[in-house]
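Down below is the structure, laid out as structure tokens.
Note on naming: letters A, B, ... go to the chains in the order of the sequence lines (proteins, then strands), and numbering restarts at 1 for each one.
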2 protein chains.
Amino acid sequence: MARWEPDARGRMLAAALDLFAEKGYDKTTAGDIAARAGVTERTFFRHFADKREVLFAGPTALDEVVAEAIAKADEAASPLEMVFAAAREGAARIAEQRTREQAARRTRIVQANPALQERELLKMAAMRSASQKALAERGVGDPAASLAAHSGVAVFQSGFDRWVSGETDLSLPECIDEAIVALHDLT
Amino acid sequence: MARWEPDARGRMLAAALDLFAEKGYDKTTAGDIAARAGVTERTFFRHFADKREVLFAGPTALDEVVAEAIAKADEAASPLEMVFAAAREGAARIAEQRTREQAARRTRIVQANPALQERELLKMAAMRSASQKALAERGVGDPAASLAAHSGVAVFQSGFDRWVSGETDLSLPECIDEAIVALHDLT
DNA sequence: CCGTTGATGTCAGTCACTGACATAGGAGGA
DNA sequence: TCCTCCTATGTCAGTGACTGACATCAACGG
């Protein structure tokens with residue numbers, strides 16, 4: 001028999017989501033989460049760098065996904081086409097992992113808390129930075145790479161927002177495509 | 001005679017910059033800053049919402065500047081032209097307030113610290129949100145407004161980065177214009 | 001059977017931040 | 001002139017996020 005129940009991390013993840021829904025993020029302490037998961041606070045911080053990170057601990061690192069997508073993009077593709085493909089790829093991964101309702105619930109928690117928004121923005125910036133680097137390896141220099149990466153994040157966010165808004169029945173990738181078209185129309 | 005030395009806020013601002021340069025942001029406590037400014041830690045937190053905020057406490061709220069610029073943009077301007085004008089306006093304000101060397105020093109501190117990057121990203125997001133709202137009041141709806149706002153921030157960041165990089169002698173507004181041209185070329 | 005490893009517990013400590021209340025100069029009115 | 005309110009600050013105690021150091025002990029490999 002094991003010394004401890006297995007999957008401490010998974011239990012903490014579940015406990016955190018429950019508690020955030022019950023009492024709100026601010027009123028939930030790291031100790032609360034740990035207690036409900038049957039571990040100590042110290043263990044919580046061994047698994048998650050900080051309290052916010054528990055909301056960003058998906059199995060997928062989006063920045064790796066987009067970097068890979070850009071690396072394997074078509075030879076003849078323009079920088080914008082590359083980042084759009086990356087945005088679609090990232091969207092596909094997200095749609096695989098959660099339903100729109102789950103995504104909406106998580107988004108509501110994040111939007112209600114500036115500290116969490118900051119973390120979300122940092123993740124987006126990481127995605128942008130990864131895109132920029134991947135473009136550089138395909139021979140796209142600045143400022144083109146930087147601007148293209150920004151555009152990729154822009155369509156991703158815009159599409160994602162529309163998807164979770166519930167105003168449409170389109171799938172997430174379809175919302176991304178819609179945003180790409182809208183960006184096209186803008187110029 | 002006054003009960004306290006005047007301009008506590010200014011003294012804290014100066015003390016903070018000094019200490020960050022001397023010991024680094026992480027190794028400087030809020031109490032250190034307060035002590036050097038001749039006040040108590042409690043007073044520090046009365047003037048600044050948190051420790052990071054002391055690095056973002058410029059006299060200018062960039063989001064108001066861009067909102068105003070968009071509000072008074074030319075009637076016939078396209079959404080993109082509006083946000084570009086706003087980016088130029090914001091850049092002009094910044095260039096008024098600090099030299100490139102000052103901006104570079106501050107940028108170095110921020111780039112060295114993820115927590116500070118998060119805060120910077122939040123400020124950029126506020127600028128984007130303000131742009132989006134101002135565009136909405138000019139009749140530009142989503143997703144166009146959202147995407148245009150993203151583009152505005154993109155050229156702002158790209159131009160700003162180039163300006164502080166020291167690789168050019170162009171002024172900040174000129175760097176913004178360069179970024180705008182580069183974005184144009186991208187499509 | 002024994003030494004090592006890895007995930008956890010325990011504990012003490014630092015620091016960011018907050019709420020409640022006290023203090024005293026200065027401004028304005030009676 | 002005196003009284004009163006206002007405001008910026010001080011004081012103090014408390015909470016909660018996070019960290020470092022060290023202990024524990026099942027499991028695993030030899």
- How do A:R46 and A:G31 order along DNA chain D: which one's closest nucleotide is nearer the 5' end? A:G31

- Query: C:dC15 P sits how many Å from B:Y25 OH, rounded?
  - Reply: 13 Å

- Modelled atom types, side-chain donor and acceptor of A:D161 and A:S158, under 3.5 Å: no

- Query: So which nucleotide from C:dT8, D:dG10, D:dT11 ends up closest to the side chain of A:H47?
  - Reply: C:dT8

- Query: Is the B:F44 ring parallel, tilted or perpendicular to the B:F48 ring (thresholds 30°, 60°)?
  - Reply: tilted

- Separation of B:D7 atom CG from D:dA8 atom P, in whole Å? 13 Å

- Residue B:D169 excluded, over 12 heavy atoms near CG under 6.0 Å: no

- Message: Just the rounded figure in Å: distance from P of C:dA7 to CZ of A:R11.
- Response: 14 Å

- Item | Other residues, nucleotides, ligands: >12 heavy atoms within 6.0 Å of A:K23 NZ | yes

- Task: Write down the distance between CD (B:E5) and P (D:dG10), rounded to a whole number of angstrom.
- Result: 12 Å

- Note on the structure: Rounded to whole Å, the CH2-P distance (A:W4 to C:dT10) equals 11 Å

- Message: Looking at D:dG10, I'd like to know if its phosphate oxygens (OP1 or OP2) sit under 4.0 Å from a side-chain N or O belonging to B:T43.
- Response: yes

- Message: In this structure, how many angstroms lie between the P atom of C:dG19 and the CD atom of B:E41, rounded?
- Response: 15 Å

- Query: For B:T29, which contact category applies under a 4.0 Å heavy-atom criterion: base, sugar-phosphate, or nothing?
  - Reply: sugar-phosphate

- Check whether any side-chain nitrogen or oxygen of B:T40 sits under 4.0 Å from OP1 or OP2 of D:dG10, and answer yes or no. yes

- Item | Closest-nucleotide ordering on DNA chain D, the 5'-leading residue of A:D26 and A:R42 | A:D26

- Within the modelled atom types, does a donor on one side and an acceptor on the other bring the side chain of A:R3 and the base of C:dT8 under 3.5 Å apart? no

- Could you state the atom-to-atom distance from CZ of A:F44 to P of D:dT19 in whole Å? 11 Å

- Task: Round to the nearest Å and state the distance from A:F45 atom CZ to C:dC11 atom C1'.
- Result: 16 Å

- salt bridge (Lys or Arg N to Asp or Glu O under 4.0 Å) evaluation trace for B:E22 with B:K27: CA-CA 10 Å; B:E22 281 173 31; B:K27 303 211 166 176; over 6 Å; no

